[in-house]
Amino acid sequence: MMHYKCRQSFYPSSNIKRFEVPENKVPWDIEYPEYKPAQHTASVLKDKPWADPEIGEPSFEPKWNSLDKNVNRKSFTEDYIINENGYPLNPVGRTGITGRGLLGRWGPNHAADSIVTRWKRLSSGALKVNECTNKPILQFVAIQRQDSGEWAIPGGMIDPGETVSATLKREFMEEAMNALEKDNTSREELERSLKEFFEKGEEIYEGYVDDPRNTDNAWMETVALNFHDEDGSIVGQITLIAGDDARNVKWLDIDGKLNLYANHSEFIKKTVQKRNAHW
């Protein structure tokens, strides 16, 4: 595995430049004596109840590579290394910056992503087929992120003790289905109609995310599930309205030219392969 988006130039929402890490110097087992990255932990994390304290504080005794009370510090990849100073090391390698950056947890920060799909249809109701591949076109619910403006899969951080399915439903409602009263549908009614839908997800990916917020000591991992609305009668019929965490939301046609946030394009490609759709 190699990461790219977390080695690019300046760290998000800061003027801090990452130390340059050539691809052949990313792995920790490769000597890189010149490596002197800047340290950065965003001030917005200070004293937040959901964020870890600084390493070295007497009250902070994390149980690395395990379930630490209700905080999951296990990685989907493998057991990560703790260096001589007590800091966890990114399992993929160097990123050009140390600290936590914008991430709340040292080590893995667990998220969940919901790939909600439907078939693109003609006005007659027939499936829209791509002329080149002769395969039906799949659409997915995409949100435009507030921070970077990039299009992404709806998702969010898993709260302590929360199940993946609960996270996915909550985040999808918050990011893609805001202001539901405009559909003349109460939130309670929508919760009931979506409950079964969000219990039938198919796992697409579980592992490390090449997220631009990653650092040498904190990184994103996710579980991505596909929720497919085969006939478009469930989420396919509900007006999508962006919530506070997103600039915009829409059904986006899927093809091989997609350029999405982090490595979300990889998740979409795996979904297309599962559905035997156009790419």
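In what follows, residues are counted from 1 in the order of the sequence shown.
- The shortest side-chain heavy-atom distance between V235 and V141 does not fall under the 4.5 Å cut-off.
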Side chain to side chain contact (heavy atoms under 4.5 Å, CB included) evaluation trace for I143 with W151
CA-CA 6 Å; I143 61 160; W151 288 94; 5.5 Å; no
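- Here the closest heavy-atom approach between residue L138 and residue R118 is recorded as CD1-O, 3.5 Å.
- Across every non-hydrogen atom of A277 and K135, the tightest pair is O-CD, 3.6 Å.
- Closest non-hydrogen pair, G156 versus T167, comes out as O-CG2, 3.8 Å.
- Taking a cutoff of 4.0 Å between a charged side-chain nitrogen and a carboxylate oxygen, E199 and K169 do not qualify as a salt bridge.
- Taking the side chain as every heavy atom from C-beta outward, W251 and L240 approach each other to under 4.5 Å.
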Would L89 and I82 count as a side chain to side chain contact (heavy atoms under 4.5 Å, CB included) here? Give the steps. CA-CA 6 Å; L89 294 182; I82 308 301; over 6 Å; no
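- Side chains of L225 and E202 form no contact here, defined as non-hydrogen atoms less than 4.5 Å apart.
- Sorted by first then second residue, the salt bridge (charged side-chain N to carboxylate O under 4.0 Å, His left out) pairs that include residues 74-97, not counting sequence neighbours, number zero.
- Residues meeting the ring pair (Phe, Tyr, Trp, His ring centres under 6.0 Å) test with H40, sequence neighbours left out: Y11.
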Under 3.5 Å, which donor-acceptor pairs do the side chains of residues 20-32 form with other protein atoms, sequence neighbours left out?
from	atom 1	to	atom 2	distance (Å)
K25	NZ	E31	O	3.3
W28	NE1	N90	O	2.7
Y32	OH	E20	O	2.8

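- Looking at every heavy atom in both residues, L260 comes nearest to H264 through CB-CB, 3.8 Å.
- For residues 32-47, no residue pair satisfies the salt bridge (charged side-chain N to carboxylate O under 4.0 Å, His left out) rule, not counting sequence neighbours.
- By the 4.5 Å heavy-atom criterion applied to side chains, P12 and L102 are counted as neighbours.
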Begin with the C-alpha distance, continue with both residues' side-chain angles, and end with the deciding distance and a verdict on side chain to side chain contact (heavy atoms under 4.5 Å, CB included) for Q144 and E150. CA-CA 5 Å; Q144 188 177 28; E150 293 176 280; over 6 Å; no
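- I97 is not listed as a side-chain neighbour of F19, based on a closest heavy-atom distance of 4.5 Å or more.
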For residues 49-63, which side-chain N or O atoms pair as donor and acceptor with protein atoms under 3.5 Å away, sequence neighbours left out?
from	atom 1	to	atom 2	distance (Å)
D52	OD1	R73	NH2	3.0
D52	OD1	R105	NH1	2.9
D52	OD2	R73	NH1	3.0
D52	OD2	W106	N	2.9
E54	OE2	R100	NH2	3.0

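- The salt bridge (charged side-chain N to carboxylate O under 4.0 Å, His left out) search around R145 returns D147, not counting sequence neighbours.
- Within the structure, salt bridge (charged side-chain N to carboxylate O under 4.0 Å, His left out) pairs that include any residue of residues 248-260 comprise K120-D253 (at least two apart or interchain).
- Among residues two or more places apart in sequence or in another chain, the salt bridge (charged side-chain N to carboxylate O under 4.0 Å, His left out) test is passed with D231 by none.
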Item to check | side-chain hydrogen bond (donor to acceptor under 3.5 Å, both in side chains) between Q39 and T98, worked out | outcome: CA-CA 5 Å; Q39 192 279 339; T98 64; 5.2 Å; no
Inset, instruction - Report the C-alpha separation of V223 and Y205 in whole Å, then their side-chain angles, then the decisive distance to 0.1 Å, and conclude whether the side chain to side chain contact (heavy atoms under 4.5 Å, CB included) test is met. - result: CA-CA 6 Å; V223 177; Y205 180 83; over 6 Å; no
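- Contact of the W279 side chain with the T133 side chain is not registered, since no non-hydrogen atoms from C-beta on lie closer than 4.5 Å.
- Using a 4.5 Å cut-off on side-chain heavy atoms (C-beta onward), I115 and K270 make no contact.
- Taking all atoms of both residues into account, the shortest heavy-atom contact from V209 to A262 is CG1-CB, 3.8 Å.
- Residues P212 and C6 have side chains not in contact (no heavy-atom distance under 4.5 Å, counting atoms from C-beta outward).
- For the side chain to side chain donor-acceptor pair (under 3.5 Å) condition, the pairs that include at least one residue of residues 214-228, sequence neighbours left out, are Y35-D216, S75-E221, T95-D216, D113-T222, T117-N226, T117-H228, W119-H228, Y208-N214, W219-E221, N226-R275, H228-E230.
- Remark: K5 engages no residue in a salt bridge (charged side-chain N to carboxylate O under 4.0 Å, His left out) (not counting sequence neighbours).
- The salt bridge (charged side-chain N to carboxylate O under 4.0 Å, His left out) search around R18 returns none, not counting sequence neighbours.
- When the ring pair (Phe, Tyr, Trp, His ring centres under 6.0 Å) test is applied to F140, no partner is found at least two apart in sequence or on another chain.
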